[in-house]
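First the structure, in the form of C-alpha cells, and then the observations on it.
In listed order, ligands and their atoms are each counted from 1. Positions are given from 1 along the sequence. These values consider heavy atoms only, across backbone and side chains, with no hydrogens, waters or symmetry-generated copies.
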Amino acid sequence: MLTRTTSYELLREHATRLGAVKLADLIHDPARAQDMVFASDDMEVDIARQHIDGAALDALLVLAAEAKIADKRDAMFAGAAINKSENRPVVHADLRSPATRTSARYQKMVDFAEATRSAGAYDDIINIGIGGSDLGPAMVAMALAPFASGARVHYVSNVDPSHLHDVLARCKASHSLVIVTSKTFTTAETMRNAGLAQSWLDMGGGDSKSQMAAVTAAADKAADWGIDSAQIFDFEAGVGGRYSLWSAVGLPVMLAIGADQFALFLDGGSSMDAHFKTAPLAKNIPVLLGLLRIWNRNFLGYPTHGIMPYDQRLARVPAWAQQLEMESNGKSVSRDGEMLGYATAPVIWGEAGTGCQHSFFQALHQGHDIVPLDILFPRQPVGLHLADSWPDDIWQDSHQVLVVNALAQAEALALGRENAELPHKNFGGGRPSTVMSWDQTTPFALGRLLALYEHVTIVSGFLWDVNSFDQWGVELGKEMATSFEAHLKAGTIPAGMSPTAADFLARLATKA
Ligand code: F6P
C-alpha cells in the first residue's frame with residue numbers, strides 16, 4: 001500500500017522541498033530538460049513542465065520498484081487472475097497482438113465487416129451500447145473519420161428517448177443495421193433501446209432478424225433475446241468494458257474504416273504494449289506517467305487532471321479517459337479490501353483545444369486550484385482534402401497555429417508572467433503539464449495513444465493498490481433505479497426512500 005512504502009515519506013519530503021522551488025526555475029535548467037523527454041517511435045512525451053526534479057523522479061522510481069510494478073505488469077500479460085474481486089485475468093491487451101487476429105472470433109468479425117461494406121446494403125449503422133460499449137468505439141470513430149467510408153455509423157447510449165429518436169429520425173428502417181453492444185447483455189438502458197430499435201425496424205419495413213447484430217460476452221443471452229447466432233460477435237469476460245474497444249466492441253469501427261485500417265489501429269496498441277513490457281522503468285512512458293498521476297494527486301495534492309487534445313477529432317478522448325481512469329481507480333479500498341486512507345483517481349476532464357482556451361482556461365491560469373494537464377496534438381494534420389482546386393497544403397498554416405497554441409498554453413501555465421502592479425494581470429505560473437505529440441493521427445498512432453492511457457491507468461492502479469478492473473461502485477444506483485421503476489409502475493413507494501424522493505416519485509406516477 002502506498003503509505004506503507006519506505007519511499008512515501010521520502011516523496012513527501014521532496015514535495016515539501018520542491019514547494020519552495022519555482023517551476024520556471026526548474027524548467028530553465030538545461031540539463032534537466034534533456035532528461036524529461038521520452039519517445040516511442042514518433043510519439044514524444046515531454047514531462048519537463050511537471051513540478052519535479054531528478055531526485056524526486058528517482059524516488060518515484062523507487063516507489064515503482066517497491067510496488068513491484070514490473071512484476072504486476074508481467075503477471076497481467078501472463079494471464080494471472082489479477083482482477084481479484086471477480087477472479088478473472090485481464091486480457092484486453094492480448095486482443096491487440098497480431099497472433100489474436102488469426103482466431104475464428106476475429107475472422108468472423110472481419111468477414112462480416114467486409115461483406116457488409118462491399119454489399120453496400122446499409123446507409124446507416126446504429127450502435128446501441130453504453131459506457132465501455134459506447135465511449136470507446138464512438139471516440140475512435142470520430143478520431144478516425146478521415147479513414148471511414150461507406151455507411152454512416154451512429155452511436156446511441158442514453159435511455160433518454162431523444163437520443164435514440166434523433167438518430168432513428170435520420171435513418172431508414174429498410175436500410176439500417178442495428179448493433180446491440182453489451183458485455184453483459186443485461187444493461188437496462190441498452191436493452192430498452194435495443195427493444196425500441198427492434199420494433200422500429202419491423203414497423204418501418206425492415207427485418208430485425210437479419211438487420212440486428214450483437215456484440216457481447218454473453219452470447220447465450222443475445223441468442224435468447226433473438227439475435228441470429230451468425231450475427232453474434234463475442235468476446236471474453238476477462239475483457240473489461242472500458243478496456244474493450246480492441247475486441248468485437250470495435251465492430252462498428254471496423255465497419256466504418258475496414259479491416260485493414262482496424263488492424264493498423266491494433267498494431268498501434270500492440271506497439272505500446274511492447275514498449276510497456278520492455279522499456280526500462282526509467283524510460284517507460286506508461287510507468288512514468290502513472291508515477292506522475294500519484295505525484296500530482298498524493299504528494300502535490302491536485303484533485304483533478306485535465307486532458308486537452310489539440311485535435312478536434314480527438315474531442316471525445318477526455319470522455320473515454322474519464323470512464324477509463326475514474327471507473328478503474330476511483331476506489332477507497334485496496335485489492336484486499338482494506339480502507340486506503342489516501343486519495344486515488346483524480347477527477348478526469350477536458351475539452352478539445354483551442355475552444356477551451358476561450359472558456360475555462362481562465363481558471364487554469366489564475367484560479368485557486370492547480371490542474372495538471374495532458375496537452376496532446378499531432379504535429380502534422382491528416383485527411384484534409386476538399387477538392388482538387390483547393391490544395392491540401394493550404395491547411396498546413398492553420399495546423400501550425402493549432403500546435404503553437406498548444407505549446408503557448410503549456411508555457412504560459414508553467415512559466416507565468418509576474419505583474420506586481422496589476423494583480424489581475426499577474427500569472428503565477430507553476431501549473432504543470434505533459435505535452436504529448438506524434439506525427440499524424442493515423443489508426444496506428446491512435447491505437448498507441450489509447451493503449452498508453454490504458455497502461456497509465458493500470459500502473460497508477462497498481463501504485464494505489466486498487467483493483468482497476470472491477471466497478472462495484474456503479475451497482476447501488478443501478479439497483480435503486482430498477483427498484484424505483486418497479487415501484488413507479490406499481491404505484492408504491494420503496495421502503496427507506498427519503499421523504500423528498502417519495503414525494504417526487506408519487507407525483508411522477510401521476511405525471512404531475
Ligand atoms: O454501469 C457500468 C458498466 O458496467 C460499465 O462498466 C460498462 O462499460 C457499461 O456499464 C456497459 O455495460 P455492458 O457492456 O455490459 O452493457
Next item on the list: Would you mind checking which non-hydrogen protein atom is closest to atom 4 (O) of ligand 1, with the distance to 0.1 Å?
Entry: Lys478 NZ, 3.6 Å
Note to self: For ligand 1, which is the ligand I care about here, please tell me if Thr190 has any N or O atom under 3.5 Å from one of the ligand's N or O atoms.
What the structure shows: no
Notebook entry, point to check: Looking only at atom types and distance, does a side-chain atom of Gln211 sit under 3.5 Å from a main-chain N or O of Asp207, one as donor and one as acceptor?
Noted result: yes
Note to self: Quick one: does any side-chain atom of Gln198 pair with a main-chain N or O of Ser208 as donor and acceptor, under 3.5 Å?
What the structure shows: no
Checklist line | All side chain to side chain donor-acceptor pair (under 3.5 Å) counterparts of Glu86, not counting sequence neighbours | finding: Asn83, Arg88
Checklist line | Closest protein heavy atom (residue, atom, distance) for atom 8 (O) of ligand 1 | finding: Gly132 N, 2.7 Å
Next item on the list: Kindly confirm or rule out a cation-pi arrangement of Lys68 over Phe462, judged by NZ or CZ under 6.0 Å from the six-membered ring centre and within 45° of its axis?
Entry: no
Next item on the list: For atom 9 (C) of ligand 1, find the nearest protein heavy atom and state the residue, atom name and distance (0.1 Å precision).
Entry: Ile130 O, 3.6 Å
Next item on the list: Return yes when Glu475 approaches ligand 1 closer than 4.0 angstrom through a heavy atom, no otherwise.
Entry: no
Check: Going by atom types alone, do His455 and Asp273 pair a side-chain donor with an acceptor below 3.5 Å?
Finding: yes
Notebook entry, point to check: Taking the side chain from Thr100 and the backbone from Arg96, do they hold a donor-acceptor pair closer than 3.5 Å?
Noted result: no
Checklist line | For atom 13 (P) of ligand 1, the protein heavy atom that lies nearest, with its residue and separation | finding: Thr187 OG1, 3.3 Å
Note to self: Out of all atoms in ligand 1, which are within 4.0 Å of some heavy atom of Ser182? Include the element for each.
What the structure shows: 13 (P), 14 (O), 15 (O), 16 (O)
Margin query: Quick one about Asp336 and Ser334 (side-chain donor to acceptor, distance below 3.5 Å, no hydrogens or angles considered), yes or no?
Written below: no
Note to self: Quick check on contacts: which atoms of ligand 1 are under 4.0 angstrom from a heavy atom of Val474?
What the structure shows: 1 (O), 2 (C)
Item checked: Proximity winner for atom 5 (C) of ligand 1, if only heavy atoms of Gln471, Glu327, Arg242, Glu189 are counted -> Glu327
Check: Which residue holds the protein heavy atom closest to atom 15 (O) of ligand 1, what is that atom called, and what is the gap in Å?
Finding: Thr184 OG1, 2.6 Å
Item checked: Test: Lys277 cationic atom under 6.0 Å from Phe77 six-membered ring centre, within 45° of axis -> yes
Margin query: Taking distance alone, with N or O pairs closer than 3.5 Å, would you say Thr181 contacts ligand 1?
Written below: no
